[in-house]
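For reference, the structure is listed below as C-alpha cells.
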Amino acid sequence: MTAEAKQHFSRELLHWYRRGNRDLPWRKSRDPYRIWVSEIMLQQTRVDTVIPYYERFMAKFPSVQALAEAPEPEVLKCWEGLGYYSRARNLQAGARQVMELHQGQVPDDKTAVAALKGVGPYTSGAIMSIAFNRPEPAVDGNVMRVLSRYFALEDDIAKPATRVKIEKLAAELIPEGAAGDFNQALMELGALVCTPKSPSCLPCPVMEHCEARMEGRETELPIKSKAKPPRPEARIGVIIEGSGEHQGKVLVRQRPATGLLAQMWELPHLLVPKELEPLLRFGDEQLTEQAPLGGLLTEAVAGDTGLLIRPQRQLMDADHIFSHIHWKMRVYKADLGAINAEPVGPMAQMAAEAAAVYTAAGKQQAELREPYRWIGPEHMDELAFPNLFLKILRDYWNQDL
DNA sequence: AATTCGGGGCG
DNA sequence: CGCCCAGAATT
C-alpha cells in the first residue's frame, strides 16, 4: 500500500465525514463526561439502542459528581435492559475515581483516562480523540472491518493481537489536528457504508483505492473466526403469588454482586439436572407428570426462604440467549401453603419433605430474609430486572395469567 | 490467549 | 436462525 493511498484514505474520509454526519445526542457538545458515558454505552451496543438510554441517563446523572454521588441501585435501574451491567457499575466507579483523583474533571491525559474503571484501549482512545482531539487511535469492530478491507488485511480480527496491529495502522492515518473527527469518520463509515454484510462501495468516499474492492473481495474481508456456540441450560423458574399482606405480589430475589447479571433482580429459578431434562419435553402435560421438577422448586424455595410453595401449573416457556449460555426456562405458577398445613395434590410428598426441611431449620414464613422480596406491578420501577424477567413479569401481570 | 460478561436487529 | 455490534475484565 502506497503512502499516497494512505493519504487519500485519511483526506477523503475526513472530508466525507465533515460534509455531513449523523446528528447524535453525544455530538452536541464535547463535554468529556458526555463523550465518556456515550462510549461506555456504545460498547457492543447499537446506536439506535443506546439513544433513549443515553438521554435518560444524562438527564438523571448530568455530571460526574451527580453520577458519583448517586445510589448504585439507581444507576443500575437506569441501565436496565441495556445489558453488560458491569459497565454501569464500572462507570460509576470511574466517576468516583474522577472525583477523588481529578477534582471532578475528566483528565486530558491518556494514562489517567485509561486507568478509569471500564475504560479499555478503545474507550480511552475514543475519549482522548473525541473530547480532547488527541491523536490516539480508537479501534472498534467498525474500524477493524474498514481497515481490513481498505488494506486487504488477512489477520483474524477475532484475535486480540490483530486489534493491536490495527491500532498502529490507525494511529498513522490520523490527519494532523483532526483526531476526533477522523476517528468518528472511521466508525461512521463502518456503520453506514462499509457494513458487515453488504458494503455499499459505490457511494464510499475511499472506494478508489480500497484493496478489497479492487480485488472483488469486499464481502470476504475481514476474516473472523467463529465464536463457540452458547451452551444450553435447562432451567425452571416460578412465579409465586403471595397471600395475606402479600396478596397480588410475587416473590423476587437479587442476584449476587459478581458474575452473570450481577445485582440484578429475578424470579426464583434453578438449573435442571441433566438426568431430569427429559421431563421438560412434556409439552402441555399435567404438572403431575413433572412432580420431580415441582419438587425441585419447592425444595429450593423452602431452603432459601422457609416458604412452602405449591406449584400449580405451567405458565410459559422463555428462551434467553447470552453470548455464552442459552437458557431454556420453563416458568411455573405457584401459590403458598400455610405453615404446618397438610399438603394436598400431586406435590404432596415433595411438599411435605420440604416442609420438614424448613420446620427443622426453625424458619418462619413471615421472616423472609434478603435478598428475597415481595413486589407488585406498582413498584417495578424500584428494582432493576434483566429483560428476560421483565418480559415474563409484564406478560404475567398484563395478561392476568 | 481464552472466557466471561446482554440484548437486539437484520438478511 | 446465524451473525454482528462504538469492548472490558478476568483468568
Side-chain angles (χ1 to χ4, degrees), chain A residues 21-22 24-27 35-54 76 79-91 93-94 113-127 129-131 137-146 156-164 166-167 170 180 182-192 194-199 219 222-231 255-264 266 318-327 384-391:
Chain A
N21 54 61
R22 289 176 291 178
L24 302 174
W26 44 89
R27 288 180 177 168
I35 306 297
W36 178 16
V37 172
S38 74
E39 292 301 340
I40 298 297
M41 285 191 173
L42 286 162
Q43 289 169 6
Q44 299 299 111
T45 312
R46 285 186 162 72
V47 166
D48 290 342
T49 304
V50 164
I51 288 175
Y53 282 91
Y54 180 79
L76 203 56
W79 211 270
E80 178 183 76
L82 195 53
Y84 287 136
Y85 299 100
S86 65
R87 289 185 297 175
R89 272 189 312 162
N90 287 335
L91 178 58
V113 167
L116 297 175
K117 295 290 184 192
V119 175
Y122 163 74
T123 307
S124 65
I127 294 172
S129 61
I130 299 172
V139 174
D140 68 344
N142 283 317
V143 176
M144 288 199 284
R145 182 174 60 256
V146 169
D156 182 355
I157 65 169
K159 295 190 176 304
T162 302
R163 198 211 69 234
V164 175
I166 293 183
E167 274 176 349
F182 178 73
N183 283 347
Q184 293 186 84
L186 262 173
M187 295 185 277
E188 189 102 338
L189 189 76
L192 301 180
C194 197
T195 54
K197 298 280 183 155
S198 52
T219 57
I223 293 169
K224 182 171 184 167
S225 55
K226 286 174 183 158
K228 233 171 44 169
R231 66 172 182 274
R255 295 179 61 88
T258 59
L260 184 68
L261 302 171
Q263 291 176 294
M264 301 293 283
E266 65 178 7
D319 261 60
H320 195 73
I321 303 177
F322 304 92
S323 21
H324 57 304
I325 310 175
H326 183 171
W327 279 358
F385 288 84
N387 267 11
L388 163 65
F389 296 105
L390 217 49
K391 285 179 180 169

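Here the structure is a predicted model, which means the values were calculated and not measured.
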[X] [atom1] to [N] [atom2], straight-line distance once rounded to whole Å:
X        : N     : atom1 : atom2 : value
A:Ile321 : C:dC5 : CD1   : P     : 18 Å
A:Leu260 : C:dA9 : CG    : C1'   : 15 Å
A:Leu186 : C:dC5 : CG    : C1'   : 16 Å
A:Met144 : C:dC5 : CE    : C1'   : 11 Å
A:Trp79  : C:dA8 : CH2   : C1'   : 12 Å
A:Met187 : C:dC4 : CE    : C1'   : 17 Å
A:Leu192 : C:dC5 : CG    : C1'   : 14 Å
A:Arg145 : C:dG7 : CZ    : C1'   : 15 Å

With sugar-phosphate meaning primed atoms plus P, OP1 and OP2, does [X] contact a base, only sugar-phosphate, or nothing at under 4.0 Å between heavy atoms?
X        : result
A:Leu82  : base
A:Arg255 : nothing
A:Gly81  : sugar-phosphate
A:Ser38  : nothing

Notebook entry, point to check: Okay, side chain of A:Arg163, backbone of A:Tyr122: is any donor-acceptor separation there less than 3.5 Å?
Noted result: no
Name each donor-acceptor pair under 3.5 Å that joins a side chain in residues 222-231 of chain A to protein atoms two or more places apart or in another chain, with its distance.
{"from": "A:Ser225", "atom 1": "OG", "to": "A:Asp156", "atom 2": "OD2", "distance (Å)": "2.7"}

What distance, rounded to whole Å, do you find between the two [atom1] atoms, one in [N] and one in [M]?
N     : M     : atom1 : result
B:dC5 : C:dC5 : C1'   : 15 Å
B:dG8 : C:dA9 : C1'   : 23 Å
B:dG6 : C:dC4 : C1'   : 14 Å

Checklist line | Outermost DNA chain B nucleotides near chain A [under 4.0 Å, heavy atoms] | finding: B:dA1 to B:dG8
Next item on the list: Tell me which of A:Val119 and A:Trp26 sits closer to the 5' end of DNA chain C, going by the nucleotide each one is nearest to.
Entry: A:Trp26
Next item on the list: Would you please say whether a donor-acceptor pair under 3.5 Å links the side chains of A:Arg87 and A:Asn90?
Entry: no
Next item on the list: Mind listing the residues from residues 223-231 of chain A sitting with a heavy atom below 4.0 Å of DNA chain B? Number order is fine.
Entry: A:Lys228
Checklist line | Heavy-atom donor-acceptor pair, A:Arg22 side-chain to C:dA6 base, under 3.5 Å | finding: yes
